[in-house]
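Please read the structure below before turning to the comments.
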Amino acid sequence: MKTKTGRNDPCPCGSGKKYKKCCMGKAAAESQSSPEALLKQYNIRLKTPEQIEGIRRCGELVMRTFEVVRDLIRPGMLTEEINRAVHEFTLANGARPAPLNYHGFPKSVCISPNEVICHGIPGDHALEDGDIVNVDITSILDGYYADCNQTFFVGTPSPDARKIVDVTRECLRLGLEQAKPGNMVNDIAAAIQAYAEGRGCSVVREYMGHGVGLDFHEAPSIPHFRSRLGNVPLVPGMTFTVEPMINLGKRDVRVLDDGWTAVTRDGSLSAQFEQTIVITETGFESLTPFDL
Ligand code: MF3
Ligand code: CO
Ligand code: CO
């Protein structure tokens with residue numbers, strides 16, 4: 001008995017067309033997006049509905065942590081005081097802060113002011129009127145990870161501060177608009193890059209979004225610029241972050257001697273927004289939602 005439809009056989013869908021002119025392409029696309037194929041080809045772990053619910057619950061805690069943080073953002077506040085508040089609120093809610101001791105990171109949250117792109121280490125630095133500051137929170141609740149960051153104004157923003165924060169928020173919104181089955185990671189990346197560069201800003205290349213949920217950083221990488229890495233299909237059940245880092249000046253990065261703090265080489269302002277999302281049948285759901 002013949003089990004496989006040949007390319008020139010009539011299509012099993014009954015259209016009367018040859019298989020190769022009809023459903024063959026769709027079958028290939030489907031086999032490339034099966035859980036087994038995604039795992040083998042890209043090391044992507046599709047999540048079950050139960051796992052997605054676990055990540056969603058963790059995301060809810062992360063968003064409640066941001067309410068605590070938002071109330072602390074003001075001139076004179078030390079970044080270490082924000083770190084302590086995040087640490088204590090996370091533990092009080094039965095979770096753990098993922099950054100603490102992650103590859104040796106010494107604190108419970110990343111706090112990145114002004115020209116710091118990401119991975120700023122909280123300490124005795126005092127926030128000042130006119131600063132922008134990114135706070136990046138990742139919690140582990142019942143073994144599930146959710147990762148989210150937002151950039152805040154401290155006091156009254158300068159025109160430059162307003163511009164880089166507005167451009168970066170819009171980059172995340174436009175990137176997420178492309179997050180749906182049938183699209184590729186590169187569709188997200190291209191939307192972000194086109195908008196940022198069109199506004200005269202630049203996209204950081206060294207740090208990317210990432211799969212997330214069962215671990216802090218999973219496959220695939222989610223570049224925010226067109227790249228061979230972005231040649232990955234978006235499939236329902238994929239959970240990952242989109243987290244564009246956009247510089248007001250040039251894109252080049254320098255890492256300080258602490259081994260973590262990434263700053264713009266030209267000293268220009270840098271902003272970032274991040275959400276953890278799941279791809280659904282019709283688009284995406286944010287598991288760490290905030291208005292964009
Ligand atoms: N939260 C960051 C991200 O979005 C990763 C921080 S790693 C740390 O991927 F060690 F610096 F915490
Ligand atoms: Co992340
Ligand atoms: Co993050």
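This structure is a prediction, so every number in the text was calculated from the model and none was measured. All ligand and atom numbering here is 1-based and tracks the order in the structure.
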- Task: Verify the ring-centre separation between F216 and Y102: is it less than 6.0 angstrom?
- Result: yes

Do Y207 and H119 have ring centroids that are under 6.0 Å from one another? yes

Run the numbers for me: atoms of ligand 1, each under 4.0 Å from some heavy atom of [X], listed by number.
X: E274; result: 4 (O)
X: T138; result: 1 (N)
X: C110; result: 6 (C), 8 (C), 11 (F), 12 (F)

Nearest-neighbour protein heavy atom for [atom], which is reported as residue plus atom name and distance:
atom: atom 7 (S) of ligand 1; result: Y102 CD2, 3.8 Å
atom: atom 4 (O) of ligand 1; result: E243 OE1, 2.8 Å
atom: atom 9 (O) of ligand 1; result: H217 NE2, 2.8 Å
atom: atom 3 (C) of ligand 1; result: D147 OD2, 3.3 Å
atom: atom 2 (C) of ligand 1; result: D136 OD2, 3.3 Å

Is there a donor in the side chain of [X] and an acceptor in the side chain of [Y], or the other way round, less than 3.5 Å apart?
X: D147; Y: T138; value: yes
X: N149; Y: E274; value: yes
X: Q275; Y: S286; value: yes
X: D160; Y: S158; value: no

Inset, instruction - Please state whether T241 comes within less than 4.0 angstrom of ligand 1, counting heavy atoms only. - result: no

A quick test of your reading: do over 12 heavy atoms of other residues, nucleotides or ligands sit less than 6.0 Å from NZ of K21?
no

Heavy-atom neighbours of R251 CZ exceed 12 at 6.0 Å:
no

In this structure, SG of C110 is separated from CD of Q272 (nearest 0.5 Å) by 9.0 Å

inquiry  = Please report whether ligand 1 has a polar contact with H210, defined as an N or O pair separated by less than 3.5 Å (distance criterion only).
reply    = yes

- With only distance considered, is N149 within less than 3.5 Å of ligand 1 through an N or O on each side? no

Of all the N, O or S atoms in E274, the one nearest to the Co ion (ligand 3) is OE1

Contact region, H103 to ligand 1, non-hydrogen atoms below 4.0 Å, reads neither

Honestly, for F216 the part within reach of ligand 1 (heavy atoms, under 4.0 Å) is side chain

So that I can check it, does any N, O or S atom in D136 come closer than 2.8 Å to the Co ion (ligand 2)?
no

Exercise. Strictly under 2.8 Å, is any N, O or S atom of H210 next to the Co ion (ligand 2)?
Worked result: yes

Stacked cation flag R205 on F225, 6.0 angstrom / 45 deg: yes

Between P113 and H125 the two heavy atoms that sit nearest each other are CG-NE2, 3.9 Å

In terms of its nearest heavy atom to atom 12 (F) of ligand 1, the top option of G209, G104, C118, P99 is P99

Taking the Co ion (ligand 2) as the apex, E243 OE2 and D147 OD2 span an angle, rounded to 10°, of 160°

